[in-house]
Amino acid sequence: MSQSDSLPDRVRLILEEGINLYRLHTNAHGRLESTKGSYEKEWVKWEKQLREVLIGDAEHLNSMQVPFESAVKQVLEQLQIIINGEYTPPSTEKRKLGLIVFAAVNLPVTEISSLLDKLVENNPKVKSFLEDKDVEPNLKKAHVTLAHKRSHGVTAVASYGHLLHQNVPVELTALLFTDEMAALEAEVGSVDGEKVIPKNEWPHITIWTGEKIAAKEANRLPQLLLEGKATRIEINPPIIISGTIEFY
């Protein structure tokens with residue numbers, strides 16, 4: 001099959017997600033029907049996404065050597081096999097695509113660390129806050145999440161596929177923190193004139209979380225700021241750091 005005939009990333013991702021969901025279901029419930037197990041809501045959501053993806057890529061699928069109607073028929077046949085509990089997972093290593101959880105802009109550790117050092121040097125509040133914080137674990141994986149499969153859906157994650165490995169500027173405008181977490185406010189720029197728009201309502205880089213505090217909790221910082229429960233230190237002028245768009 002030629003490259004032009006290959007399945008789009010989001011079609012591959014939605015099919016992989018269905019197989020992964022099937023594995024979770026069968027591990028928990030054996031051959032029990034999907035509508036009767038603890039993953040009922042997940043199945044309903046996945047089936048809706050599957051329809052949207054197939055309809056959205058109908059033109060591309062129709063242009064493939066295999067007619068679209070035939071492709072859909074084969075997919076439905078495979079789904080029926082899954083529903084009947086007759087699916088046998090391939091023995092080969094899982095394809096990387098099926099393991100993707102989120103899309104993000106990966107950022108260089110040294111530049112983030114240098115920015116924090118400058119903030120500590122120039123702002124007593126930042127110095128007092130960070131002096132006893134171990135930010136290194138978070139800095140090692142510094143990133144701005146663009147879309148997460150669990151929060152935004154598989155198609156949202158796959159929508160960044162055409163930008164994979166591309167450099168993009170990220171403007172850092174402020175540091176927000178509480179006693180439990182800290183993050184840098186971020187604005188993602190453009191790639192070849194195309195604005196990269198994160199699905200996350202508040203794009204940011206989590207730089208520290210307290211014990212037993214999940215990194216995703218940093219999304220609450222703007223709301224906590226409105227409630228007077230967080231501090232915001234403006235970065236003026238803003239710092240621009242370049243990163244690459246990657247799948248994780």
Side-chain angles (χ1 to χ4, degrees), residues 101-148 150-152 156-157 160 163-248:
V101 176
F102 64 97
V105 181
N106 182 41
L107 294 163
V109 176
T110 53
E111 293 189 43
I112 301 293
S113 181
S114 177
L115 169 60
L116 292 178
D117 288 343
K118 288 180 181 178
L119 289 175
V120 166
E121 182 180 342
N122 296 325
N123 192 295
K125 286 185 179 180
V126 177
K127 181 178 181 180
S128 176
F129 174 74
L130 288 179
E131 62 183 359
D132 61 345
K133 305 294 189 300
D134 182 13
V135 300
E136 187 175 345
N138 284 96
L139 291 189
K140 284 182 178 179
K141 48 188 178 182
H143 67 273
V144 178
T145 299
L146 298 174
H148 196 288
R150 184 168 296 176
S151 302
H152 309 104
V157 176
Y160 297 97
L163 300 172
L164 200 60
H165 309 315
Q166 296 293 310
N167 285 311
V168 62
V170 176
E171 186 176 75
L172 304 178
T173 56
L175 171 67
L176 279 71
F177 60 86
T178 70
D179 291 340
E180 295 184 331
M181 67 194 88
L184 291 165
E185 188 174 78
E187 182 175 342
V188 183
S190 302
V191 175
D192 295 330
E194 178 183 348
K195 177 68 174 176
V196 179
I197 302 175
K199 300 298 187 293
N200 252 7
E201 187 173 340
W202 185 61
H204 64 277
I205 305 167
T206 302
I207 63 167
W208 174 79
T209 57
E211 189 176 355
K212 297 182 180 179
I213 303 295
K216 66 179 182 179
E217 292 298 315
N219 284 296
R220 298 172 49 234
L221 280 167
Q223 181 58 40
L224 293 172
L225 180 65
L226 291 175
E227 296 172 3
K229 299 176 181 177
T231 300
R232 184 180 189 272
I233 304 295
E234 185 176 358
I235 299 173
N236 188 17
I239 300 296
I240 297 177
I241 296 176
S242 182
T244 58
I245 297 173
E246 306 292 348
F247 283 156
Y248 295 91

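What you see below is based on every heavy atom in this structure, not just the backbone, and it leaves out hydrogens, waters and symmetry mates.
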Heavy-atom distance under 4.5 Å between the side chains of [X] and [Y], does that happen here?
X: L184; Y: I239; result: no
X: H204; Y: L221; result: no
X: I235; Y: T173; result: no
X: K216; Y: H148; result: no
X: E185; Y: W202; result: yes
X: W208; Y: L130; result: no
X: I112; Y: V135; result: no
X: S114; Y: T110; result: no

Rounded distance (nearest 0.5 Å) linking atom [atom1] of [X] with atom [atom2] of [Y]:
X: H152; Y: T145; atom1: NE2; atom2: OG1; result: 8.5 Å
X: F102; Y: K199; atom1: CZ; atom2: NZ; result: 15.0 Å
X: I245; Y: L163; atom1: CD1; atom2: CG; result: 4.5 Å
X: E171; Y: I240; atom1: CD; atom2: CD1; result: 5.0 Å
X: L224; Y: D179; atom1: CG; atom2: CG; result: 11.0 Å
X: L139; Y: I205; atom1: CG; atom2: CD1; result: 9.0 Å

Would you please classify the geometry between the H143 ring and the Y248 ring as parallel, tilted or perpendicular, with 30° and 60° separating the classes?
-> tilted
Donor-acceptor contact below 3.5 Å, side chain K133 vs main chain G210 = no
Counting distance only, does the side-chain N/O of N123 pair as donor-acceptor with the main-chain N or O of L119 below 3.5 Å?
-> no
Crowding at [atom1], [X] (>12 non-hydrogen neighbours, <6.0 Å):
X: K140; atom1: NZ; result: no
X: N122; atom1: CG; result: yes
X: E201; atom1: CD; result: no

What is the minimum heavy-atom distance between [X] and [Y], and which atoms define it?
X: Q166; Y: D192; value: OE1-OD2, 4.3 Å
X: A186; Y: V144; value: CB-CG2, 4.0 Å
X: V157; Y: F247; value: O-CE2, 3.3 Å
X: T206; Y: A218; value: OG1-CB, 3.5 Å
X: P108; Y: S242; value: CD-O, 3.4 Å
X: P198; Y: V188; value: CG-CG2, 3.8 Å

Does the side chain to side chain contact (heavy atoms under 4.5 Å, CB included) test come out yes or no for F177 and I207, once each step is laid out?
-> CA-CA 10 Å; F177 60 86; I207 63 167; over 6 Å; no
T244 side chain to E246 side chain, donor-acceptor N/O pair below 3.5 angstrom =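 Result is yes, a qualifying pair exists.
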Taking side-chain hydrogen bond (donor to acceptor under 3.5 Å, both in side chains) as the test, write out the residues that go with E187, two or more places apart.
->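 For E187 there are no side-chain hydrogen bond (donor to acceptor under 3.5 Å, both in side chains) partners, ignoring immediate neighbours.
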side-chain hydrogen bond (donor to acceptor under 3.5 Å, both in side chains) with E111: which residues, sequence neighbours excluded?
-> none
